[in-house]
Amino acid sequence: MSWSGAEDLFLSTSLASYLDKKLLVLLRDGRKLLGILRSFDQFANAVLEGACERVIVGDLYCDISLGLYVIRGENVVLIGELDLERDELPPHMISVSPAEIRKAQKAERDATDLKGSMRKRMEFLDLE
Amino acid sequence: MLFFSYFKELVGKEVTVELKNDLAIRGILHSVDQYLNIKLENTRVVDQDKYPHMLSVRNCFIRGSVVRYVQLPPDGVDIDILHDATRREARGG
């Protein structure tokens, strides 16, 4: 396989134009990873350097650093180039510690579970 | 290969790509490949408030396997040409 010239590179669908840039990778399970793209292949397997996971719960967020990650392509939904001129998140969002975000995540999960169980208990009412 | 050729014709037009996770992104179709991976430019997310992490994403690569729909501009398709091409392809080229 030969390397294409710089001019085709920006016309192609390959990830080559994103190399060495800071990217946001969305995964199939909803996780958001950020990092610098160092390598990739035709399956969208990707290597991120300085990767971190951005956990968002409501208006709270936290970047949990992960290190060097290889992402298996089948899990990739979208790879976005971050515009460094723009804010990464809306101004009202608040950065919190990993411990706080875990707590918020748990609270959110418990709330969803409760809603689920309430619904189950009410099923005999046959709403709709 | 028909849809690959077809999407290549749409390069430069504005499309909305809806993904299997319900995220819908509008942008200029920059390129497409044989897996129907899509690159969009000048993107904006249709429901921005629900996806705050997408705020600073202007260009993106979408893996073909996660696409549910591609919504096209009304003048994006010449149905007659597509119809002919489909029959030609069904006959084996």
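- The environment of NZ in Lys13(B) is crowded: more than 12 heavy-atom neighbours from other residues, nucleotides or ligands sit within 6.0 Å.
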- Can you list the steps and then say if Thr13(A) with Tyr35(B) is a side-chain contact (heavy atoms from CB on, under 4.5 Å)? CA-CA 10 Å; Thr13(A) 314; Tyr35(B) 306 106; over 6 Å; no

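- For chain A, the nearby part of Ile38(B) is the backbone; its heavy atoms alone come within less than 4.5 Å.
- Residue contact with chain A, scored on non-hydrogen atoms closer than 4.5 Å, involves the backbone and the side chain of Asn37(B) alike.
- No more than 12 heavy atoms of other residues, nucleotides or ligands sit less than 6.0 Å from atom OH of Tyr69(A).
- Using a 4.5 Å cut-off between heavy atoms, Gln42(A) contacts chain B through both its backbone and its side chain.
- Residues Val67(B) and Leu10(B) are members of one and the same hydrophobic cluster, defined by side-chain heavy-atom contacts under 4.5 angstrom among Ile, Leu, Val, Met, Phe, Trp and Tyr.
- In terms of modelled atom types and a separation under 3.5 Å, the side chain of Lys39(B) and the main chain of Leu15(A) share no donor-acceptor contact.
- Note on Val25(A) and Ile36(A): separate hydrophobic clusters, where clusters join Ile, Leu, Val, Met, Phe, Trp and Tyr whose side-chain heavy atoms are under 4.5 Å apart, directly or indirectly.
- Inspection of non-hydrogen atoms places Ala44(A) of residues 44-52 of chain A under 4.5 Å from chain B.
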- Please test Leu78(A) against Ile25(B) for side-chain contact (heavy atoms from CB on, under 4.5 Å), starting from the C-alpha separation and ending with a verdict. CA-CA 11 Å; Leu78(A) 172 149; Ile25(B) 305 164; 3.2 Å; yes

Kindly list each side-chain donor-acceptor pair under 3.5 angstrom involving residues 57-68 of chain A, sequence neighbours excluded, with atom names and distances?
residue  : atom : partner  : partner atom : Å
Asp59(A) : OD1  : His92(A) : NE2          : 3.4
Asp63(A) : OD1  : Arg54(A) : NE           : 2.8
Asp63(A) : OD2  : Arg54(A) : NH2          : 2.9

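- Environment of CZ in Arg72(A): sparse, with no more than 12 heavy atoms of neighbouring residues, nucleotides or ligands closer than 6.0 Å.
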- Message: One pair to check against side-chain contact (heavy atoms from CB on, under 4.5 Å): Leu26(A) and Leu23(B). What are the steps and the verdict?
- Response: CA-CA 11 Å; Leu26(A) 294 190; Leu23(B) 175 65; 3.7 Å; yes

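- When every heavy atom of Ser56(B) is checked against every heavy atom of Arg86(A), the shortest pair comes out as CB-CB, 3.9 Å.
- For CD of Glu85(A), the number of neighbouring non-hydrogen atoms (other residues, nucleotides, ligands) closer than 6.0 Å is 12 at most.
- Using a 4.5 Å cut-off between heavy atoms, Leu19(B) touches chain A through its side chain atoms alone.
- Other residues, nucleotides and ligands contribute more than 12 heavy atoms inside 6.0 Å of the CZ atom of Arg38(A).
- Phe43(A) and Ile62(B) are members of different hydrophobic clusters when ILVMFWY side chains are connected at heavy-atom separations under 4.5 Å.
- Residues passing the side chain to side chain donor-acceptor pair (under 3.5 Å) test with Ser65(B) are Arg63(B), sequence neighbours excluded.
- Residue contact with chain B, scored on non-hydrogen atoms closer than 4.5 Å, involves the side chain of Ile56(A) exclusively.
- Of the listed residues Leu82(A), Val77(A), Asp87(A), Leu89(A), the one with more heavy-atom pairs under 4.5 angstrom with chain B than any other is Val77(A).
- Heavy atoms of other residues, nucleotides or ligands lying less than 6.0 angstrom from NZ of Lys21(A) number more than 12.
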Side-chain donor-acceptor pairs of residues 42-53 of chain B under 3.5 Å, sequence neighbours excluded:
residue  : atom : partner  : partner atom : Å
Thr43(B) : OG1  : Val57(B) : O            : 3.1
Thr43(B) : OG1  : Arg58(B) : O            : 3.1
Gln48(B) : NE2  : Tyr51(B) : O            : 3.1

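- In this structure, the portion of Leu24(A) lying under 4.5 Å from any heavy atom of chain B is its side chain and not its backbone.
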